[in-house]
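Residue numbers begin at 1 in each chain, while the letters A, B, ... track the order of the sequences. Basis for what follows: all heavy atoms, side chains included, without hydrogens, waters or symmetry-related copies.
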Protein chains: 2
Amino acid sequence: MRKSRVTGHDVAKAAGVSHNTVSLVVRDSPLVTPETKARVRAIIDEMGYQRNDVAMVLRSARSRTIGYLLPEDSAEAEVDVFRNQVLKAVTVCAEAHNYYVLLDLFSDAQSGISLMSSGRIDALLVDGRIPNESLLKLAARNLPLVLVGRDAGDLPISWVKADEEGGAFQVTSHLIEQGHQRIAWIAAGEAEHYIVSQRERGYRRALEVAGLQIEAASIVRGDWTFESGFALGYQLLTSSPRPTALFVVTELMAAAVLQAARTLGLRVPEDVSIVTIGDSFWSQYVQPALTTVQVPMKAVGTRATELLFQSINEDLPSPQQIVLPTTLIVRDSSKRVGNK
Amino acid sequence: MRKSRVTGHDVAKAAGVSHNTVSLVVRDSPLVTPETKARVRAIIDEMGYQRNDVAMVLRSARSRTIGYLLPEDSAEAEVDVFRNQVLKAVTVCAEAHNYYVLLDLFSDAQSGISLMSSGRIDALLVDGRIPNESLLKLAARNLPLVLVGRDAGDLPISWVKADEEGGAFQVTSHLIEQGHQRIAWIAAGEAEHYIVSQRERGYRRALEVAGLQIEAASIVRGDWTFESGFALGYQLLTSSPRPTALFVVTELMAAAVLQAARTLGLRVPEDVSIVTIGDSFWSQYVQPALTTVQVPMKAVGTRATELLFQSINEDLPSPQQIVLPTTLIVRDSSKRVGNK
DNA sequence: CTGAAAGCGCTTACAG
DNA sequence: CTGAAAGCGCTTACAG
């Protein structure tokens, strides 16, 4: 048991001060004179004293740790860079505030509640893929909480998300401006999947605003895999009349559609335009580089964490709800229709 | 302060038992009769009691948390899926053992030492990119530690890594068997970068074993970016005599070399073979799909975590050192030389 | 500016 | 099988 050998008590005795003073020195409190500090610090270094954080946490009821509740692995997860981008941003931001990040895989609401009541964390970030009914139970606890990557409807909960709907609207409108009228939509997962449904809304709204008909046959739904993207792309590209443009829900599936087109001998963008949305850097490196809407997940992670620290430190009066804009990036996979 | 409202003491009073008994019930100890358990559990539910983990940790000196020390962001990190794969595996594995994962960004050895002495964690996983001198200081603490993704030379430290050198040897030998004699190597980062140097060793050994000359001009070094891959690919493919095959240190840079070849009007694999190594699933979706060596980072994460739990529970006598095999995956970017 | 006392909420011996 | 006491190592009032 080397790790807990030296306690504040030992240091106090060696330095001829009280335990209390040692504690203040460790926290660099202005209540201690520089001379005493220097003397105590020398002893601390000499004895190799390291504070036991757990005792500190128990007594002060501040853990200097934020929790991050992640969904368990899903079909989607294999493919998804989303979570990684966010997690990285969260960790960097927490570190800057001198906080640790504690990871918890969501299994049910109870495990999340246990964590919130355990004293292990001061606040909780919740991944947007956690189901709403669990979210409600979690939000009922008395601990700052920020939802990451989606909104919470009418619930009085803080959240930070990207404007998925606006992004989808933007890229679909871009296609329409380029003269496309038959624009298919390749979705993924369940119809209620938050991000997919938001993107689909944007797609539908763009068509409606332009007065274009939304045909049922133009909307198909895969399972997040490259293979499903290929199959659906193939299906749509061999249907008649063939769409002049395809909007694909993820960049991986869009890359698959690119291959389906290639397999069929169709040129992109000359014969068909393909656009997508997401945050994968690979999408610019496929051939041709994909026109996409960039979703700023890193920024979402950072803003959410900043908001969490605000809640910890200031006791925010009402829920804060933040939407970050997306960016249309026109690359080589889309062009004006008919203009070969 | 809702979170700490109900304590074990309150439950004990309400149930008419001692605080001790409540503690045993929460831990589901066989020392308590089923009747008492049921009665106490009912009260626990009724009162909404949640154990304060921090007090438990302080008293029992077991945090039920493992630490994961990550390197700070580097140029390499932007591109790297490595860490994400590993982290996911670690988290899933920890969850299965009923442990949390605490993230810590490496700034210096001292911060790692503080964490190890803080009582917050029972054991520590260290990312392979942490420098050796810091690793030594960390390993000197009395806490189980496993190094992830690289070996530790002669140091008596447990580690789990993939056979990067063997993988590089394998894919280079594959090229040689296909008749290639001028095989260039595109590296990245600093010469001492562990993974890069291991891969380079495998490359050199394969050439040596085959009795092929290693020419200085065939070895170039980029900076992990797509752009540097493109530039170096372009340079090598316009050099004379042109290499018949290129082995590229990362899959992203290999995708860039593919584009350089396309830009030059060279066909892959007819005019030049391009092979790589890594764990990015994207490499199979570029055109042509890349021949690669699959590095099992997920398995590395899982094995490392399992090893860590062994160290926690059994007090392993000597360091365990595990090398996981890589797998050559021949796809469409390489072929027999001259056989057009 | 420093010290002595109390206590955060558990678990761990130990006694019955 | 259950209970009463001690204590993990800090921080927080409070007193001087």
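Rounded to an integer number of Å, the gap from B:M56 CE to D:dC10 P is 19 Å. Straight-line distance from the CZ atom of A:R64 to the P atom of D:dC10: 17 Å, rounded to whole Å. Put simply, CG on B:D10 is 13 Å from C1' on C:dC10, counting in whole angstrom units.
Picking from D:dT12, D:dC1, C:dT12 the nucleotide with the shortest atom distance to the side chain of A:R27 gives D:dT12. The side chain of B:N52 approaches C:dC10 more closely than any other nucleotide in the set C:dC10, C:dG3, D:dC10. For A:Y49, the listed nucleotide lying nearest its side chain is D:dC10; candidates were D:dT12, C:dC10, D:dC10. Listed candidates were C:dG3, D:dC8, D:dT12. Nearest to the side chain of B:R59 is D:dC8. Of the candidate nucleotides D:dG3, D:dG9, C:dT2, D:dG3 has the atom lying nearest to any side-chain atom of B:T21. Minimum atom distance to the side chain of A:A55 is reached by D:dC10, of the listed C:dA4, D:dC10, D:dT2.
Two residues are said to be in side-chain contact when any heavy atoms from C-beta on lie closer than 4.5 Å; A:D122 and A:P144 fail this criterion.
Here B:D45 pairs with nothing under the salt bridge (charged side-chain N to carboxylate O under 4.0 Å, His left out) rule; sequence neighbours left out. Listed by chain and residue number, B:R120 satisfy the side-chain hydrogen bond (donor to acceptor under 3.5 Å, both in side chains) test with A:T65 (two or more places apart in sequence, or in another chain).
One side chain, B:Q110 or B:S114, offers a donor N or O that lies under 3.5 Å from an acceptor on the other. Judged purely by distance below 3.5 Å, without hydrogens or angles, the side chains of B:S117 and B:R141 pair a donor atom with an acceptor atom.
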Sub-3.5 Å pairs of nitrogen or oxygen atoms, protein against nucleotides 14-16 of chain D:
none

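Among pairs with a residue in residues 97-138 of chain B, those fulfilling ring pair (Phe, Tyr, Trp, His ring centres under 6.0 Å) read B:H97-B:F309, B:Y99-B:F309, at least two apart in sequence or across chains. Listed by first then second residue, pairs satisfying salt bridge (Lys or Arg N to Asp or Glu O under 4.0 Å) with a partner in residues 16-39 of chain B read B:D28-B:K37, B:D28-B:R41, not counting sequence neighbours.
Contact annotation for B:V54: no contact, since no heavy-atom pair falls under 4.0 Å across all strands. Using a 4.0 Å heavy-atom cutoff across all strands shown, A:V57 reaches no nucleic acid atom at all. Here B:H19 lies in heavy-atom contact (under 4.0 Å) with a base.
For the side chain to side chain donor-acceptor pair (under 3.5 Å) with A:Y194, the lone residue among A:R129, A:R150, A:K161, A:E164 that qualifies is A:K161.
Using modelled atom types, no side-chain atom of B:S134 and backbone atom of B:I130 make a donor-acceptor pair closer than 3.5 Å.
Helical stems in DNA chain C, defined as runs of 3 or more consecutive Watson-Crick or G-U wobble pairs with donor-acceptor distances under 3.5 Å: C:1-3 with D:14-16, C:5-12 with D:5-12, C:14-16 with D:1-3.
Take the nearest nucleotide of DNA chain D for A:L24 and for B:V17: the residue whose nucleotide is more 5' is B:V17.
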